[in-house]
Amino acid sequence: MKDVLVVGAGPAGMMAAITAAENGARVTLLEKMQRVGRKMLITGKGRCNLTNAAPVPELIRQFKGNGAFLNSAFAAFDNEDAMRFFEQQGVPVKVERGGRVFPVSDKAADCVEAMLARLHELGVAVRTGEAVAAVLTREGRAAGVRTAAGEEIAADAVILAVGGASYPGTGSTGDGYEIARQLGHTVTRILPSLVPLETEEHWPRDVQGLSLRNVRVKLLVDGRERQEMFGEMMFTHFGVTGPIILSLSRTAAQALADGAFVELEIDLKPALTPEKLAARILRDFEKYQRKQVKNALVDLLPHRLIPVLIDAAYLDGEKFVHQVTQEERHRLAEALKHLVLTVARTRPLAEAIVTAGGVCVKEIDPRTMESRLVSRLYFAGELVDVDAFTGGYNLQAAFSMGVAAGSYSVWNDD
């Protein structure tokens with residue numbers, strides 16, 4: 001019987017430990033926190049967005065970083081397999097808007113408890129409060145680990161699934177990067193992904209808490225469009241957040257790290273062509289021709305956003321509508337279609353949902369998750385340089401990589 005050590009009891013680590021045990025290994029799971037699955041508990045705003053029901057090719061397309069690396073892992077354990085796993089563990093699931101998959105109970109704790117129960121059922125030794133300082137090697141092979149307390153634990157294979165550097169309070173403090181570097185692995189540039197953005201402009205704080213649905217946002221880098229998203233966003237005391245902002249944030253973070261000038265261009269009325277918008281404004285102004293401009297936009301904009309658009313269009317809000325010129329109406333239409341915010345920075349990495357960057361995928365076998373540099377060393381989860389948009393894709397990647405690593409750590413006889 002092989003001894004397999006799994007380091008990190010997040011979704012990837014727990015799935016790796018379960019899979020290795022199901023394949024006949026004697027498994028020890030080491031977790032530095034006092035509780036397993038800490039980060040999984042807060043995913044999906046505490047509801048746990050387990051996976052996405054989209055076809056696998058569509059899943060792959062949602063990965064901004066190295067999606068093709070996951071082809072083999074997804075082929076072996078896909079979203080249907082993930083849903084089936086939780087159903088079999090007594091956690092029924094449901095599919096919501098955008099293909100997002102959640103437990104019917106809407107409780108992330110149910111998913112974590114189900115995985116923990118399966119670990120205990122398989123006899124996996126779960127040791128919490130056990131931080132790992134290094135992976136031990138012998139003749140080019142992983143041979144165990146040394147804990148932060150100095151204990152050396154021997155093993156036939158080691159799976160590193162210690163997470164990235166986001167939400168450090170859950171245990172993802174980036175220490176896995178140093179362990180990988182000690183073993184000769186390349187760690188690519190670490191940046192926040194799925195993270196809110198801070199703006200140079202201060203007006204977002206005046207409308208903080210305001211959500212906008214069905215808007216289109218373009219990310220401009222040095223004046224050129226780099227990415228575009230349609231959906232929901234929200235203003236905060238520091239800038240902007242919400243699903244489409246989070247999806248744009250990885251590209252923004254990379255551009256900012258490269259010293260580029262980054263802007264967001266918001267189209268508040270994407271369903272209207274410039275011509276139709278101009279006609280709409282004219283109709284509203286005819287309806288409210290005896291009112292001041294600041295009181296004539298109530299059908300077009302949320303109340304709190306009206307002063308922002310008046311300023312952006314260089315209009316006098318006290319002016320009466322019947323005094324507004326055609327040029328001024330044109331400026332208002334332009335502001336509605338092209339409201340610009342300057343991105344100063346991302347929020348800190350600690351606030352990011354996931355980490356972009358990690359152990360270089362060129363140094364990992366995508367079929368087995370085994371290191372190409374150190375035999376019988378495996379990687380899984382956010383530690384690897386793979387990341388996606390929101391929607392359940394990142395958890396699916398963690399599960400699939402965990403299954404691959406757990407399987408091959410037992411099957412490998414080299």
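When atom types are taken as modelled, the side chain of Gln227 and the backbone of Arg250 share no donor-acceptor pair closer than 3.5 angstrom. A donor-acceptor pair under 3.5 Å links the side-chain atoms of Gln289 to the main chain of Glu286, judged by distance alone. Side-chain atoms of Gln88 do not come within 3.5 Å of backbone N or O of Phe85 as any donor-acceptor pair. Proximity of a side-chain donor or acceptor of Ser249 to a complementary backbone N or O of Val195 within less than 3.5 Å is detected. Side-chain atoms of Gln182 never come within 3.5 Å of backbone atoms of Ala134 as a donor-acceptor pair (strictly under, hydrogens ignored). At distances below 3.5 Å, not a single donor-acceptor pair connects side-chain atoms of Ser400 with backbone N or O atoms of Ala397. With hydrogens and angles disregarded, no donor-acceptor distance shorter than 3.5 Å links the side chain of Asp258 to the backbone of Ala260. Within the 3.5 Å criterion, the main-chain N or O of Asn52 finds a donor-acceptor partner in the side chain of Asn79. Counting only distance, with no hydrogens or angles, the side chain of Asn23 and the backbone of Val410 share no donor-acceptor pair below 3.5 Å.
In terms of heavy atoms, Val324 sits closest to Arg329 at CG1-CG, 3.8 Å. Nearest heavy-atom pair, Leu191 versus Ala257, reported as atom, atom and distance to 0.1 Å: CD2-CB, 3.9 Å. Across every non-hydrogen atom of Ile159 and Ser409, the tightest pair is CD1-OG, 3.8 Å. The two atoms that bring Leu336 and Leu309 nearest to each other are N-CD1, 3.7 Å, heavy atoms only.
Annotation: side-chain hydrogen bond (donor to acceptor under 3.5 Å, both in side chains) contacts involving residues 206-218, sequence neighbours excluded, comprise Arg216-Glu228. Applying the ring-ring contact (aromatic ring centres under 6.0 Å, His included) test to pairs two or more places apart or on separate chains, those with a residue in residues 346-397 are His185-Phe379. Within the structure, ring-ring contact (aromatic ring centres under 6.0 Å, His included) contacts touching residues 225-253 (residues at least two apart or in different chains) are Trp203-Phe235.
Note that CG of Leu194 and NZ of Lys64 are 11.5 Å apart. Values are rounded to the nearest 0.5 Å.
Asn49 and Thr43 share no donor-acceptor pair across their side chains, judged by distance under 3.5 Å alone. Donor-acceptor pairing under 3.5 Å is recorded for the side chains of Glu370 and Asn412. Using modelled atom types, one finds a donor on one side chain and an acceptor on the other under 3.5 Å when comparing Thr186 with Glu363. No side-chain donor from either of Thr342 and Glu263 sits under 3.5 Å from a side-chain acceptor of the other.
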Residues Leu268, Lys337; criterion side chain to side chain contact (heavy atoms under 4.5 Å, CB included); working and verdict: CA-CA 6 Å; Leu268 296 167; Lys337 298 291 284 185; over 6 Å; no

Stepwise side chain to side chain contact (heavy atoms under 4.5 Å, CB included) check, Arg118 with Leu122: CA-CA 6 Å; Arg118 182 59 175 156; Leu122 291 166; 3.7 Å; yes

Intermediate values then yes/no, salt bridge (charged side-chain N to carboxylate O under 4.0 Å, His left out), Arg280 and Glu275: CA-CA 9 Å; Arg280 167 67 189 277; Glu275 294 76 21; over 6 Å; no

Test log, rule side chain to side chain contact (heavy atoms under 4.5 Å, CB included), inputs Leu341 and Glu265: CA-CA 7 Å; Leu341 283 167; Glu265 185 180 274; over 6 Å; no

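Put simply, the side chain of Ile18 does not reach to within 4.5 Å of the side chain of Val124, judged on heavy atoms. You'll find the side chain of Arg376 stays beyond 4.5 Å of the side chain of Val158, heavy atoms only. In this structure, Leu264 and Leu219 have side chains that are in contact, with non-hydrogen atoms separated by less than 4.5 Å. Within the 4.5 Å cutoff, side-chain heavy atoms of Glu382 are placed close to those of Lys39. Taking 4.5 Å as the limit, some side-chain heavy atom of Leu183 sits within range of a side-chain heavy atom of Val135. Residues Tyr288 and Asn295 are not in side-chain contact: their nearest non-hydrogen atoms beyond the backbone lie 4.5 Å or more apart. Using a 4.5 Å heavy-atom cutoff, the side chains of Leu256 and Thr346 are in contact.
By the salt bridge (Lys or Arg N to Asp or Glu O under 4.0 Å) test, Glu80 pairs with no residue at all, sequence neighbours left out. Residues satisfying the salt bridge (Lys or Arg N to Asp or Glu O under 4.0 Å) criterion with Glu318, sequence neighbours excluded, are Lys294. With sequence neighbours excluded, the residues satisfying salt bridge (Lys or Arg N to Asp or Glu O under 4.0 Å) with Glu178 are Arg181.
Counting heavy atoms of neighbouring residues, nucleotides and ligands inside a 6.0 Å radius, atom NZ of Lys94 exceeds 12 of them. Applying the 6.0 Å contact sphere to CZ of Arg35 captures no more than 12 heavy atoms from other residues, nucleotides or ligands. More than 12 heavy-atom neighbours from other residues, nucleotides or ligands sit within 6.0 angstrom of CD on Glu327. Crowding of His303 atom NE2: a count of heavy atoms from other residues, nucleotides or ligands under 6.0 Å not exceeding 12.
By the 4.0 Å N-to-carboxylate-O rule, Glu334 lies too far from Arg331 to be salt-bridged with it. Remark: Glu87 does not engage Arg84 in a salt bridge, criterion side-chain N to carboxylate O under 4.0 Å.
Aromatic ring centres of Phe320 and Phe285: separated by at least 6.0 Å.
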